[in-house]
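For the numbers below, each heavy atom of this structure counts, side chains included, while hydrogens, waters and symmetry mates do not. Note that the structure is predicted; figures quoted are calculated from it, not measured. Counting convention: from 1, in listed order, for ligands and their atoms alike.
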Amino acid sequence: MATKKLIIIGGEGKGGPVVACVQHNREHYQDFEYEIYGFLNDFEEGSISGFPILGKTSDYTKYLKNDSVFFVFAIHLIGKNKVAEELFNNLEIPRERFARIIHKSAVIAFGVKVEPGVVILAQSYISPNAHLKFGTLVMAGGIICHNAEIGPLTYISIGAIVGSYAKIGKCVSVSMGANVIEMNTVRDYAVIAAGAVVNSNVPSESIYGGIPAKFIRKIDV
Ligand SMILES: CC(C)(COP(=O)(O)OP(=O)(O)OC[C@H]1O[C@@H](n2cnc3c(N)ncnc32)[C@H](O)[C@@H]1OP(=O)(O)O)[C@@H](O)C(=O)NCCC(=O)NCCS
């Protein structure tokens, strides 16, 4: 299989772990499906995580012409995800040109649906029949239990757990170490604070935190 060139739209925060994943897969698992080409970033110049910044996000059109280039949208702004979504909506990149980046140490059980643009990092466990929608990022050690539905453009941070049959909406942030107990729904743009235990439904655009998780405030945008 020809190596695909990966362009990461974003910065160090979410893009750096994607670089680490691709490099680790290459160096330790001889998985050469992707090589990092570089970043598109509106605010920085030079390099990120040792790879060149190829241009601004709007420069994607130039790279789209090259069929061997694939993209990852690695911008997730906790509590400001309407901004990230708007940026994403400005990109006219066909869905099939978004890569699925999965660390070789992650376990993906039977029946799991992984849409394009999804990133699943090291030591994550995705249980049977879970559905990860377009552009969802599952950071290291994330656990998605069976039949859970996540995303699109949602962020499951390090060590977070989403219980079975839970439904997590679009552009949601489930922060590090948070647990969403099974069957609960977290609606669009909500933020679950680090370490929270969610045992009720969470309305859209709300920040919930604590054990059990309670309303903290509405998001800023
Ligand atoms: C939820 C979060 C976004 C809130 O950030 P913030 O708006 O700057 O919050 P503040 O620090 O101003 O706190 C606001 C209130 O929420 C409470 N709070 C903040 N984080 C909390 C948490 N994790 N659990 C419980 N309560 C929390 C604060 O105690 C404060 O309460 P008060 O108003 O009664 O004093 C932030 O705490 C968080 O969890 N970020 C996610 C970090 C993360 O996972 N990053 C990924 C890195 S890989």
Can E115 and H131 be counted as having a side-chain donor-acceptor contact under 3.5 angstrom?
yes
Does K214 qualify as a cation-pi partner of Y208, given the criterion of NZ or CZ under 6.0 Å from the six-membered ring centre and within 45 degrees of its axis?
no
Does the N or O separation between I158 and ligand 1 drop below 3.5 Å for any pair?
no
Under 4.0 Å from atom 41 (C) of ligand 1, can you find at least one protein heavy atom?
yes
Quiz question for you: does at least one protein heavy atom lie closer than 4.0 Å to atom 16 (O) of ligand 1?
yes
Protein non-hydrogen atom found under 4.0 Å from atom 45 (N) of ligand 1
yes
Contact (N/O only, under 3.5 Å) between M176 and ligand 1
yes
Determine whether any protein heavy atom is located less than 4.0 Å from atom 35 (O) of ligand 1.
no
Does R187 have more than 12 heavy atoms from other residues, nucleotides or ligands lying within 6.0 Å of its CZ?
no
I would like to know whether D220 and K80 meet salt bridge (Lys or Arg N to Asp or Glu O under 4.0 Å); could you show each step before the answer?
CA-CA 7 Å; D220 292 332; K80 295 193 185 331; 2.8 Å; yes
For ligand 1, the portion of S157 having any non-hydrogen atom under 4.0 Å away:
side chain
May I ask you to check if K4 and F70 form a cation-pi contact, with NZ or CZ under 6.0 angstrom from the six-membered ring centre and within 45° of the axis?
yes
Establish, for the pair K82 and Y189, whether the NZ or CZ atom is under 6.0 angstrom from the six-membered ring centre and no further than 45 degrees off its axis.
yes
Could you tell me whether a side-chain N or O of D42 sits under 3.5 Å from a main-chain N or O of T57, the two making a donor and an acceptor?
yes
Output yes when a protein non-hydrogen atom is found under 4.0 Å of atom 28 (C) of ligand 1, and no otherwise.
no
Would you say atom 7 (O) of ligand 1 has a protein heavy atom nearer than 4.0 Å?
yes
Heavy atoms only, cut-off 4.0 Å: how does R217 contact ligand 1, side chain, backbone, both, or neither?
side chain
For residues H76 and S173, is any side-chain donor paired with an opposing acceptor at under 3.5 Å?
yes
Atom 38 (C) of ligand 1 sits nearest the protein heavy atom A194 N, 4.1 Å
So is A196 in contact with ligand 1, going by heavy-atom distances below 4.0 Å?
no
Any atom of ligand 1 sitting under 4.0 Å from a heavy atom of G210?
yes
Evaluate whether atom CD of E86 has more than 12 neighbouring non-hydrogen atoms of other residues, nucleotides or ligands under 6.0 angstrom away.
no
Can you tell me which portion of Y208 lies within the under-4.0 Å heavy-atom range of ligand 1? Options are side chain, backbone, both, or neither.
neither
Is atom 2 (C) of ligand 1 less than 4.0 angstrom from at least one protein heavy atom?
no
Would you mind listing which atoms of ligand 1 come within a distance below 4.0 Å of any non-hydrogen atom of I207?
1 (C)
Atom 22 (C) of ligand 1: nearest protein contact (heavy atom, Å)
A193 CB, 3.6 Å
Flag: protein heavy atom within less than 4.0 Å of atom 24 (N) of ligand 1
yes
